[in-house]
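Values below: all heavy atoms of this structure, side chains included; hydrogens, waters and symmetry mates excluded. Bear in mind that the values here come from a model prediction, so they are computed numbers and not experimental data. Every chain is numbered from 1 and lettered A, B, ... according to where its sequence line falls, protein lines coming before strand lines.
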2 protein chains.
Amino acid sequence: METIDRDDAEHTDGRFARGARRRSEIIEATLAVVTRDGAAGVTHRTVAKQAGITTSLSTYYFTTLDDLLVAALTSVADVYTARIRQIIDTPGDKLTGLAELIAETAGVGRERALAERELATLAARRPALRPVARRWRENVAELCATLTDDPVAVAGVVAASDGLCTAILLDNGPADPGYLRAVLHRALHH
Amino acid sequence: METIDRDDAEHTDGRFARGARRRSEIIEATLAVVTRDGAAGVTHRTVAKQAGITTSLSTYYFTTLDDLLVAALTSVADVYTARIRQIIDTPGDKLTGLAELIAETAGVGRERALAERELATLAARRPALRPVARRWRENVAELCATLTDDPVAVAGVVAASDGLCTAILLDNGPADPGYLRAVLHRALHH
DNA sequence: TCGCTAGTTGTACGATGGTTCTAATTGAAC
DNA sequence: GTTCAATTAGAACCATCGTACAACTAGCGA
């Protein structure tokens, strides 16, 4: 997505730009592998095959497997961050927006959410990754802060959002945004 | 913990009893490995080394790695089930009991909770494991059902319990049972 | 005592994976 | 055009892993 630290948007194509594109292609392929086979299925070889490149090219861009997983987790967290920020910045019922975002977990967003969760579990063992994994919660908290002043209420909604996602992933059924909103609303207002 | 389906508590020692003991020793070793290196670190060899036995003995009791992981997840879920059931059956403030159980996640129970979470993530990709992974939520729901009739409130507390555990694991700091109880209490009562 | 089976060991085969290395190719700068 | 670093390909090394297998030990029932 972004250019590497090499130069500043001087070349839109060419060596450096292609390198940056490759990099994001590899991250995308990594997420596809995580989606299909889980984090355990991520190897330089499987990622390379998924991306249609050679194995050594994967190691060229991400020296160690860990580098690759960290980059993938960061990337997926960025997507969620953007979604939440969009809800915050959009006028209207923010709670409904949050409920719909959570409901997405059951549909199109299921695989992404699964990948995100799988990678977040990895984060528990890597202190360097914790801030990234925490971002989702902090963003939800920020959203809640626009709706109430009660810190306990904020904590409750953040925890409930997380738990609802888990429930949806485990139940594997369709999620009713209206119901989700009701639970969140109840957690928010006394 | 239990005897295998062979015979019924006829021998407290000897071949069969020792076999059952070995089995639970191996499961214990598996959880220790998950705690130390994560679920990805679980191999027949690492588990065997942790248990102080030979590799082939691990495969003797658990033919495939999957069998081993399933057994380990089931075992850890059993512990939590027992804890919750104890809270339900104990007279007194059940919400405080639940809050204290959650707070444990930050202390002595941290590694166990981490292992449980790691294994639960695995469950998302193995339908056969989902019922086991769901038990925790069902038990919390059962506990809540003794406190309220509102299904939305129950869903809120269950989700909040789960989310609070996640938060504690991520924040890696001490958890205040009183604060946890306040969040749960707020989720429960309107 | 003796056969049987659970428990146990050591070893090995085939496969996979992380990582490294070398050589080729290509685009950018001059 | 020449030079140089970024990029790509191909192969290989070495470790580990899942699993299988044959042999050996010892408790259990008769």
Any side-chain donor-acceptor pair under 3.5 Å between B:T96 and B:R181? yes
Between [options], which nucleotide gets closest to the side-chain atoms of [X]?
X: B:S56; options: D:dA12, C:dT8, D:dC21; result: D:dC21
X: A:Y60; options: C:dA12, C:dG18, D:dA6; result: D:dA6
X: B:H44; options: D:dT8, D:dG18, C:dT19; result: D:dG18
X: A:L57; options: C:dG18, C:dT20, D:dT8; result: D:dT8

Starting from [atom2] on [N], measure out to [atom1] on [X] and report it in whole angstrom.
X: B:I26; N: C:dG7; atom1: CD1; atom2: C1'; answer: 11 Å
X: A:L68; N: C:dG17; atom1: CG; atom2: P; answer: 14 Å
X: A:Y61; N: D:dT7; atom1: OH; atom2: C1'; answer: 6 Å
X: A:K49; N: D:dA9; atom1: NZ; atom2: C1'; answer: 16 Å
X: A:F62; N: D:dT7; atom1: CZ; atom2: C1'; answer: 14 Å

May I ask you to say what B:T59 touches in the nucleic acid, namely base, sugar-phosphate or nothing, with a heavy-atom cut-off under 4.0 Å? base
Over all strands shown, is A:V42 touching base, sugar-phosphate only, or nothing at heavy-atom distances under 4.0 angstrom? sugar-phosphate
Distance criterion of 3.5 Å, no angle test: do you see the side chain of B:R45 paired donor-to-acceptor with the base of D:dG18? yes
Approximate separation, where rounding is to 0.5 Å, of A:Y60 OH and A:R23 CZ: 11.0 Å
By side-chain hydrogen bond (donor to acceptor under 3.5 Å, both in side chains) - contacts of B:E116 (at least two apart): none
Who are the side-chain hydrogen bond (donor to acceptor under 3.5 Å, both in side chains) partners of B:T59, not counting sequence neighbours? none
Has B:R18 got a side-chain N or O lying under 4.0 Å from the OP1 or OP2 atom of D:dA26? no
Using a cut-off of strictly less than 4.0 Å, decide whether B:T43 has a side-chain nitrogen or oxygen near OP1 or OP2 of D:dC17. yes
Backbone N/O of A:G156 and side chain of B:R186: donor-acceptor pair under 3.5 Å: no
Which is more 5' along DNA chain C, the nucleotide nearest B:R22 or the one nearest B:T55? Just name the residue. B:R22
